[in-house]
Amino acid sequence: MRITDRYIQREFFERPVLEVAEDLLGKTVVCKKGRTIIEGMIMEVEAYDGPEDKACHASKGCTQRTKVLFGPAGHWYVYLVYGMHWMLNIVTGNEGYPAAVLIREAGEWNGPGKITKAFGIDKHFNGKTATEETGLWIEDRGVIIPKYSIERTARIGVDYAGEWAKKPYRFCLLQNKK
DNA sequence: ACGATGATGAAC
DNA sequence: TTCATCATCGTA
């Protein structure tokens, strides 16, 4: 099978962020640098939904940092937190509506900061498209995730967001949980 | 339980 | 031009 047959196109991301987040579970992130390919199946994500969502960076408005969120779907939003960790998000929904999915766990990497470290992702992926050209994209390998194996909880590290902090916008695969 | 570490946005 | 804050992680 050719990569173009299974790599996820923009239309997939041009939907409400909660749908996209849930559907991303079981998909595979692929990073290609030269002859090196690193990949991991997505096992945990969080949705950040629009200007009203106090946990979403776009609630501060459209700024130099957040402008990618307001742009078209299917682009990477990458930014630094805590002075040392890059966060990898994929922009969703219609252009002009700021929303994105944070990839928190993929393959053997159980943390958003670990994924970007393992993949070698930093700010120069910010604003790039999720395609073969940029070397970072998402594929559908045909893994089916039944509803009963998906757990929804509140998002991590967003206690400051008031009511929005309680919304069940985090999606995890039920497995290996202790 | 906590420190590392720097971009960001808001206040001044 | 400061200042508090932060979508985390490793060490203890």
Side-chain angles (χ1 to χ4, degrees), chain A residues 12-13 15-29 31 38 40-93 96-130 134 136-138 150-174 176-178:
Chain A
F12 177 92
F13 302 105
R15 295 181 294 146
V17 68
L18 292 174
E19 286 181 28
V20 176
E22 184 164 356
D23 290 350
L24 277 175
L25 293 176
K27 303 297 188 290
T28 300
V29 189
C31 184
I38 312 176
M41 189 179 78
I42 298 172
M43 298 161 67
E44 178 183 343
V45 296
E46 282 177 3
Y48 288 85
D49 190 15
E52 306 300 316
D53 180 356
K54 291 290 182 282
C56 182
H57 290 166
S59 64
K60 304 279 186 184
C62 186
T63 65
Q64 184 68 16
R65 181 201 212 185
T66 63
K67 62 184 180 187
V68 175
L69 283 171
F70 290 81
H75 289 240
W76 297 111
Y77 171 50
V78 181
Y79 68 91
L80 190 66
V81 266
Y82 302 120
M84 59 187 83
H85 298 294
W86 294 100
M87 299 288 104
L88 178 63
N89 303 247
I90 185 86
V91 176
T92 68
Y97 184 83
V101 176
L102 169 67
I103 300 175
R104 293 190 56 88
E105 185 174 350
E108 57 192 287
W109 299 283
N110 62 326
K114 292 186 191 174
I115 294 173
T116 51
K117 183 161 186 265
F119 281 55
I121 292 165
D122 62 18
K123 68 159 142 205
H124 67 261
F125 276 100
N126 189 42
K128 296 276 180 65
T129 56
T134 64
L136 184 63
W137 67 93
I138 301 177
I150 296 175
E151 183 183 16
R152 289 185 65 167
T153 72
R155 293 170 292 185
I156 306 295
V158 296
D159 292 345
Y160 62 89
E163 288 301 306
W164 288 88
K166 301 172 188 165
K167 292 188 181 288
Y169 283 8
R170 173 171 173 247
F171 300 79
C172 305
L173 287 187
L174 281 176
N176 304 338
K177 291 282 149 70
K178 299 193 177 127

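Just so it is clear, the model here is predicted, and its values are computed rather than measured. In what follows, chains carry the letters A, B, and so on, assigned in the order in which the sequence lines appear, proteins first and then strands, with residues in each chain numbered from 1.
Atom pair A:Met87:CE and B:dA7:P shows a separation of 15 Å (rounding to whole Å applied). Between A:Leu80 atom CG and B:dT5 atom P the separation is 12 Å, expressed in whole Å. Computed from coordinates, the A:Tyr79 OH to C:dT5 P distance equals 18 Å when rounded to whole Å. In this structure, A:Trp86 atom CH2 and C:dC9 atom P are separated by 15 Å, rounded to whole Å. Note: NZ (A:Lys67) to C1' (B:dT8) measures 14 Å, nearest angstrom. The CG atom of A:Asn110 sits 12 Å away from the C1' atom of C:dT8 (whole-angstrom rounding). Separating the CG atom of A:Asp49 from the P atom of C:dA7 is a distance of 17 Å, rounded to the nearest angstrom. The distance from atom CG of A:Leu88 to atom P of C:dT8 is 14 Å, rounded to the nearest whole Å.
Nucleotide B:dA7 has C:dT5 as its partner under the Watson-Crick or G-U criteria, with both atom distances under 3.5 Å.
Counting non-hydrogen atoms under 4.0 angstrom, A:Arg65 reaches the backbone sugars and phosphates but no base. Base contact: A:Leu102 has a heavy atom under 4.0 Å from a base atom. Residue A:Met84 is classed as a base contact, given a heavy-atom separation below 4.0 Å to a base.
Contact annotation: side chain of A:His85 to base of C:dA7, donor-acceptor pair absent below 3.5 Å. Side chain A:Tyr82 to base C:dA7: no donor-acceptor pair is found below 3.5 Å.
A:Tyr48 qualifies as a stacking partner of the C:dA7 base, centre to centre under 5.5 Å and near-parallel within 30°.
In this model, the phosphate group of C:dA7 is approached by a side-chain N or O of A:Tyr160 to a distance below 4.0 Å at OP1 or OP2. Dashed line: the shortest gap from a side-chain N or O of A:Lys114 to OP1 or OP2 of C:dG10 is under 4.0 Å. Contact check, A:Arg170 against C:dA7: no side-chain N or O comes under 4.0 Å of OP1 or OP2. Between A:His57 and the phosphate of C:dA7, there is a side-chain N or O to OP1/OP2 separation shorter than 4.0 Å.
Once rounded to the nearest 0.5 Å, the distance linking CE of A:Met43 with CD of A:Glu108 reads 10.5 Å.
Checking each of A:Asn89, A:Asn126, A:Leu69, A:Val68 against A:Tyr79 for a side chain to side chain contact (heavy atoms under 4.5 Å, CB included) leaves exactly one that passes, namely A:Asn89.
One finds a salt bridge joining A:Arg155 and A:Asp53 here, because a Lys/Arg side-chain nitrogen approaches an Asp/Glu carboxylate oxygen to under 4.0 Å.
If you find the closest nucleotide of DNA chain B to A:Gly61 and to A:Gly83, the one lying nearer the 5' end belongs to A:Gly83.
The cationic atom of A:Arg104 (NZ for Lys, CZ for Arg) does not lie both less than 6.0 Å from the six-membered ring centre of A:Phe171 and within 45° of the ring axis. A cation-pi geometry, defined here as NZ or CZ lying under 6.0 Å from the six-membered ring centre and within 45° of its normal, holds between A:Arg15 and A:Phe12.
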